[in-house]
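Step one of this worksheet: look at the structure below.
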Amino acid sequence: MIAASELILNPDGSVYHINLKPGQIANDIIFVGDQNRVEKITKHFDSIEFTTQKREFKTQTGTYKGKKITVMSTGIGPDNIDIVMNELDALVNVDLATRTVKKELTSLNIVRIGTSGSLQADIPCDSFVMSQYGLGLDNMLRSYLIDEISETEMEEAFIKHTNWDMRKGRPYVIAGSKTLEQRLESDKIYKGFTGTAGGFYGPQGRVVRLGIQDPELNSKMDSFNFNGTRMTNLEMETGAIYGLGKLLGHNCLSLNAIIANRATGTFSEDPYKAVDELIEYTLKKLAE
């Protein structure tokens, strides 16, 4: 039995942070970071059956071309992903009345739609990137037992290539879902290796007033290539989603609209248009 202190429920029986009860989510779920982006997706729905919000976690479940889909905002960063992934899993795989794990487990399909900055000059603003792998630079996932799911050889190559300072913790690499990759791929999407940082400024090499531990890290990541797989973009969620998804038995894939190119110093002239196009592309693929 799972103690009340370990899996916290609200007085109405909903899971603590995300404010959801069993049956209120679909098997296919779209993650966005920004709560204001939820309705930019669900405005395309034929109908919306359910809406709730607590803090930054906004959820809407509805139907798009006959397909039931849930859209949820996660907020920013791996720490929020830890909350959302564990609580979503509890909704489908824990009997909340008895606080016991169900004998038959459910596997969710989770697709992240996000924005990101490209690390490669040939991946321009307004393009789409599909993350075949997530590289976690944040340490959150190291609280779990991940040795059996991580891509150790790729981790070692990255550590060596960047001369990584292990005082920052050991980076981890997790593969995305091959099933969802096949379901969502097209010849217009770039595929690659997505870095997940634990912050926006120093952890991504930005300098405002504070010096950073490795000013050359971004250029080292730019040149990293593991058997043809190169670093494509940097953001704050993918590695954590892939890791917890794999540990919990869910299919996860991250798609990013590139709104900045760190290599060329450019920014999208209309980032909202790029995101809208990625939303429409993803919904169409999920409904097929």
Side-chain angles (χ1 to χ4, degrees), residues 12-15 17-75 80-81 84-85 87-93 96 106-116 126-131 176-189 237-238 241 245 249-259 270-288:
D12 66 355
S14 61
V15 179
H17 294 94
I18 60 176
N19 207 40
L20 292 168
K21 298 178 184 178
Q24 293 177 335
I25 60 170
N27 195 67
D28 287 350
I29 300 174
I30 295 174
F31 279 176
V32 293
D34 183 358
Q35 58 192 295
N36 294 321
R37 196 173 290 157
V38 172
E39 291 183 352
K40 291 182 180 179
I41 298 177
T42 59
K43 71 180 183 181
H44 298 283
F45 283 15
D46 305 317
S47 62
I48 296 174
E49 304 167 7
F50 174 79
T51 301
T52 191
Q53 180 168 5
K54 184 178 180 182
R55 305 186 190 185
E56 62 266 55
F57 307 113
K58 181 172 184 175
T59 303
Q60 290 192 325
T61 298
T63 303
Y64 175 78
K65 295 186 177 179
K67 183 78 172 179
K68 188 175 181 181
I69 299 173
T70 291
V71 183
M72 170 181 279
S73 61
T74 65
N80 274 28
I81 296 302
V84 171
M85 291 294 293
E87 293 191 1
L88 277 177
D89 181 75
L91 282 178
V92 295
N93 289 323
L96 300 184
T106 297
S107 180
L108 300 170
N109 297 315
I110 298 170
V111 178
R112 177 180 182 268
I113 295 179
T115 56
S116 184
D126 304 322
S127 60
F128 303 157
V129 167
M130 175 185 288
S131 307
S177 166
K178 292 294 183 184
T179 300
L180 287 180
E181 181 181 334
Q182 292 171 3
R183 188 173 167 187
L184 291 162
E185 68 182 350
S186 80
D187 55 10
K188 61 189 278 188
I189 289 186
E237 289 83 25
T238 295
I241 293 171
H250 305 299
N251 299 308
C252 300
L253 194 69
S254 182
L255 300 175
N256 279 277
I258 299 300
I259 62 171
D270 190 350
Y272 299 107
K273 180 175 182 288
V275 172
D276 286 343
E277 289 177 352
L278 181 56
I279 287 169
E280 292 178 21
Y281 173 85
T282 304
L283 285 173
K284 180 181 177 183
K285 286 288 188 179
L286 288 177
E288 287 178 351

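One-based numbering along the sequence shown. All heavy atoms count here, side chains included; hydrogens, waters and symmetry mates do not.
- Atom CG of Leu184 and atom OG1 of Thr282 lie 6.5 Å apart (nearest 0.5 Å).
- Ser107 places a side-chain N or O within donor-acceptor distance of the main-chain N or O of Gly249, the cut-off being under 3.5 Å.
- Scanning both residues, Gln35 and Glu56, for their nearest heavy atoms gives CB-O, 4.0 Å.
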### Task
Start with the C-alpha distance between Ser131 and Arg112, add both sets of side-chain angles, then the distance that settles side chain to side chain contact (heavy atoms under 4.5 Å, CB included), and finish with yes or no.
CA-CA 10 Å; Ser131 307; Arg112 177 180 182 268; over 6 Å; no

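- Leu278 places none of its side-chain heavy atoms less than 4.5 Å from the side chain of Thr115.
- Looking only at atom types and distance, the side chain of Thr179 has no donor-acceptor partner in the side chain of Asn251 under 3.5 Å away.
- What you find for Gly13 and Leu96 is that their closest heavy atoms are O-CD1, 4.0 Å.
- How far CG of Leu88 is from CG of Leu108: 6.5 Å, rounded to the nearest 0.5 Å.
- Taking Glu277 as the reference, Lys273 meet the salt bridge (charged side-chain N to carboxylate O under 4.0 Å, His left out) condition, with sequence neighbours excluded.
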Compile the donor-acceptor pairs under 3.5 Å between side chains in residues 26-34 and protein atoms, sequence neighbours left out, one pair per line.
from, atom 1, to, atom 2, distance (Å)
Asp28, OD1, Asn109, ND2, 2.9
Asp28, OD2, Lys67, NZ, 3.4
Asp28, OD2, Arg183, NH2, 2.8
Asp34, OD1, Asn36, N, 2.9

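- With respect to Thr42, the side chain to side chain contact (heavy atoms under 4.5 Å, CB included) criterion is satisfied by exactly one of Glu39, Lys40, His44: Glu39.
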### Task
Given side chain to side chain contact (heavy atoms under 4.5 Å, CB included), test Phe57 with Met72 step by step and report yes or no.
CA-CA 7 Å; Phe57 307 113; Met72 170 181 279; 5.5 Å; no

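- Taking OH from Tyr281 and CG from Leu255, the interatomic distance works out to 7.5 Å, rounded to the nearest 0.5 Å.
- Contact of the Arg55 side chain with the Asn80 side chain is not registered, since no non-hydrogen atoms from C-beta on lie closer than 4.5 Å.
- Residue Glu185 holds its CD atom at 10.0 Å from CG of Leu253, rounded to the nearest 0.5 Å.
- Considering all non-hydrogen atoms of both residues, Asp46 and Gly66 come closest at OD2-N, 3.7 Å.
- With sequence neighbours left out, Lys285 forms a side-chain hydrogen bond (donor to acceptor under 3.5 Å, both in side chains) with no residue at all.
- When every heavy atom of Phe45 is checked against every heavy atom of Leu283, the shortest pair comes out as CE1-CD2, 3.9 Å.
- Within the model, atoms CD1 of Ile110 and CE of Met85 stand 4.0 Å from one another, a figure rounded to the nearest 0.5 Å.
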### Task
Mind running side chain to side chain contact (heavy atoms under 4.5 Å, CB included) on Ile279 and Asp276 for me, showing each step along the way?
CA-CA 5 Å; Ile279 287 169; Asp276 286 343; 4.2 Å; yes

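- Taking CD1 from Ile25 and CD from Glu87, the interatomic distance works out to 11.5 Å, rounded to the nearest 0.5 Å.
- Annotation: side chain of Ile41 is not in contact with side chain of Ile69 (no heavy-atom distance under 4.5 Å).
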### Message
As a quick check of understanding, evaluate side chain to side chain contact (heavy atoms under 4.5 Å, CB included) for Thr63 and Glu49, giving each step before the final call.
### Response
CA-CA 8 Å; Thr63 303; Glu49 304 167 7; 3.4 Å; yes

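- The main-chain N or O of Gln24 is found under 3.5 Å from a side-chain atom of Thr61 such that the two form a donor-acceptor pair.
- The minimum heavy-atom distance between Phe128 and Lys188, with the atom names listed, is CE1-CE, 4.2 Å.
- Asn19 and Ser14 share a donor-acceptor pair across their side chains, judged by distance under 3.5 Å alone.
- Counting all heavy atoms, side chain and backbone alike, Asn93 lies closest to Thr106 at OD1-N, 2.6 Å.
- The closest side-chain heavy-atom distance from Thr51 to Val38 is not below 4.5 Å.
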